[in-house]
Amino acid sequence: MTSYRFRLYVLGETARAHSALEQLRALCDSRRDTTYDIEVVDVHAHPEVADDARIVATPTLDRVEPPPLVRVIGDLSSDQLARALELPPGHNSGGRPT
Amino acid sequence: MSGTETRQELPRLATGLRGFDEISYGGLPAASSTVVSGSVGSGKTVFALQFLAEGIRQHDQPGVFVTFGEPAEKMRRFVVEFGWDVPAWESEGRWTFVDASPGVEDSAVIVGEHYDLTVLLHRIASAVQRTGAKRVAIDSIGVLLSRFGDVEAVRDVIIRTTAELDRLGVTTVITLSRDDEREPMRVGVEELVVDNVVLLRNSSVEESRRRTLEVLKLRGTRHRQGCFPFVIDRTRGLVVIPLSVRLDQPAMSHRIASGIDGFDEMTGGGLFQSSVTLVSGSTGTGKTTFVLQFALAGADAGEPVVVVGFEESREQLVRGMAGWGHDIPALEASGMLRFVIDYPEVRTFEEHLVRIQGAADDIGASRVVLDSMTSLRRSGPTRSFNEFAIGLTAYLKDREISGMMTTGQASLVGSEVRATEEHVSALSDAIVLLRYVEVYGEIRRVVAVLKQRGSGHDKAIREYSITGDGMHIGAALRTTTGLMSGRTSQLDALESARVSEMFPEP
């Protein structure tokens with residue numbers, strides 16, 4: 001069982017922010033032996049958080065746990081995103097006993 | 001971008017960068033953005049940093065520095081070199097970094113598509129409001145472009161950011177990399193904020209580094225045309241050399257004591273304050289003695305002096321002044337005398353100039369003497385030397401400092417002024433010749449005032465001697481002709497008596 005902690009930086013409650021969050025949720029739900037936690041930070045409301053994290057673009061997704069930090073800026077396909085975040089294989093990828 | 005505007009002279013914001021406000025006729029257009037473009041190492045980051053630093057130091061205008069390349073921590077260390085206490089200003093709330101650098105821990109950054117850079121605008125605007133900033137520097141767009149390949153997105157956020165900063169009444173400097181010295185602007189971002197453009201160049205001329213700055217355009221405002229040399233000095237930062245002599249100089253009227261026995265009589269009562277005098281002579285004629293006496297006469301009169309030496313060490317110069325009854329270390333300690341001693345080759349002409357200006361500014365100099373232009377001349381390209389001469393003269397005139405420089409002469413006799421120094425001669429207000437002549441088979445030393453702007457002067461050629469307490473000017477040599485050419489002949493006694501009657505000595 002691997003625990004993931006993500007932080008998603010968005011700028012306001014936009015459609016783009018919403019779809020980035022949905023994509024990440026769907027991706028994590030489809031993984032085996034995985035628990036995850038997603039914190040959404042609206043940098044419009046908290047510019048000082050953007051300063052501390054050096055956010056220059058939205059959406060920016062940080063994989064906070066496990067280390068090291070991985071940062072994804074903008075949209076990736078779900079496959080690319082899974083690879084970038086080093087997620088375990090999905091439910092449908094075979095090898096799982098039924 | 002705002003082509004419909006018909007504003008005339010826009011208000012300027014004096015940057016406080018030395019020389020820049022002069023060539024731009026007052027600084028950058030206020031509440032507007034200026035692109036400072038240059039290749040790597042051209043000094044654009046120093047320009048951006050100093051724009052903020054001088055704002056705080058000279059004008060009490062807080063600033064925000066946006067860094068895309070180097071992290072803020074590295075910038076803080078970098079500016080310490082120039083003596084700008086940025087951490088103190090940060091704690092006073094007068095300087096804010098917006099750190100948009102990739103950061104060391106971000107080695108694993110994956111950039112996808114459809115990102116929005118608007119958060120940058122929010123961070124910058126928020127920092128400006130928090131700081132009460134009047135100035136913003138953004139360094140550099142080139143780095144942002146290389147991190148985010150989407151030129152459209154970068155352009156969009158920069159245009160929106162500068163529009164917002166203009167609206168907030170903030171004056172902004174944006175640095176932009178140029179890959180090629182010859183290309184005025186990087187393709188793809190030229191539609192940026194190009195109402196105001198300053199170009200920095202770093203080129204190699206006759207194996208000597210040459211930095212120049214050019215104001216390409218400033219919206220709705222006049223500025224000087226052409227490229228101006230500049231240096232990046234360890235203590236003064238970026239210093240532009242305006243290369244022109246002010247035309248609105250007050251007429252010279254106040255005469256100053258030379259300290260040389262008999263010389264003030266030759267110049268109709270003394271050289272003028274803020275005049276530049278060239279002392280020409282071959283080796284051993286006493287040019288160095290001449291200018292040192294002039295320097296110490298200034299210190300005696302309570303006028304701080306700078307002695308610039310390219311030929312002798314400080315110790316040699318001090319030894320030369322030993323019999324004159326001055327306590328040199330005491331004069332140095334009290335700030336009345338400052339030596340600037342260098343080998344000509346260790347710096348570029350521009351660096352020498354900035355160093356001399358720095359010393360003169362430090363002590364509030366009234367006199368500057370330089371020994372010699374000939375040694376300096378040999379150390380670099382002619383063009384740069386000529387610019388040095390213009391730059392130094394302009395500086396002396398601007399500060400109403402009296403200058404005296406020596407120049408050597410290749411041949412021991414005669415009056416030729418070397419072609420390479422014609423330029424210097426033209427810039428000087430007075431020229432003094434020190435020469436060897438042969439009279440009745442004996443070598444004598446003579447002095448003549450060849451020109452003196454704005455005053456009558458002695459046309460006689462006078463003999464002089466140098467004793468333990470300095471130079472003494474004596475009687476005119478009236479029985480000898482051909483002194484200037486070096487081919488002398490003697491008049492007989494009768495003829496010389498007749499001439500004496502026709503032209504009595506004053």
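The figures that follow rest on heavy atoms only: side chains count, while hydrogens, waters and symmetry mates do not. Please read all numbers here as calculations on a predicted model, not as lab measurements. Here is how names work: the chains are called A, B, and so on, in the same order as the sequence lines, proteins then strands, and each is numbered from 1.
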Can you name the closest pair of heavy atoms from [X] and [Y] and give their distance?
{"X": "A/V56", "Y": "B/A100", "result": "CG1-CB, 3.3 Å"}
{"X": "A/P88", "Y": "A/T34", "result": "CG-OG1, 3.4 Å"}
{"X": "A/A84", "Y": "A/L76", "result": "CB-CD1, 4.2 Å"}
{"X": "B/R135", "Y": "B/F51", "result": "NH1-O, 2.7 Å"}

With distance as the sole criterion, is a donor-acceptor pair present between the side chains of [X] and [Y] under 3.5 Å?
{"X": "B/S32", "Y": "B/D166", "result": "no"}
{"X": "A/D75", "Y": "B/Y115", "result": "no"}
{"X": "A/D79", "Y": "A/S77", "result": "no"}
{"X": "B/T67", "Y": "B/E70", "result": "no"}

For chain A, which of B/H114, B/R130, B/R123, B/R147 has the most heavy-atom pairs under 4.5 Å?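 Between B/H114, B/R130, B/R123, B/R147, the count favours B/R123.
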
Below 4.5 Å, heavy-atom pairs only: which of B/L121, B/V157, B/L120 has the largest tally toward chain A? B/L120

With a 4.5 Å cut-off on heavy-atom pairs, point out which of A/V70, A/L61, A/I55 contacts chain B the most.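 The candidate making the most pairs under 4.5 Å is A/I55.
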
Which one of A/D51, A/V72, A/D52 has the most heavy-atom pairs closer than 4.5 Å to chain B?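 Highest number of pairs under 4.5 Å: A/D51.
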
With the threshold set at 4.0 Å, does a side-chain nitrogen-carboxylate oxygen contact exist between B/D60 and B/R94?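 Counted as a salt bridge, because a side-chain N and a carboxylate O are separated by less than 4.0 Å.
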
Under 4.5 Å, heavy atom to heavy atom, which residues of residues 5-24 of chain A contact chain B? A/L11, A/R16

Under 4.5 Å from a heavy atom of chain B, the part of A/V43 involved: side chain

Check each atom of B/F148 against the heavy atoms of chain A and say whether the ones under 4.5 Å are side chain, backbone, both or neither.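 Contact with chain A involves the side chain of B/F148 alone.
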
B/S126 portion near chain A, given a 4.5 angstrom heavy-atom threshold: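 Answer is side chain: those atoms of B/S126 sit under 4.5 Å from chain A.
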
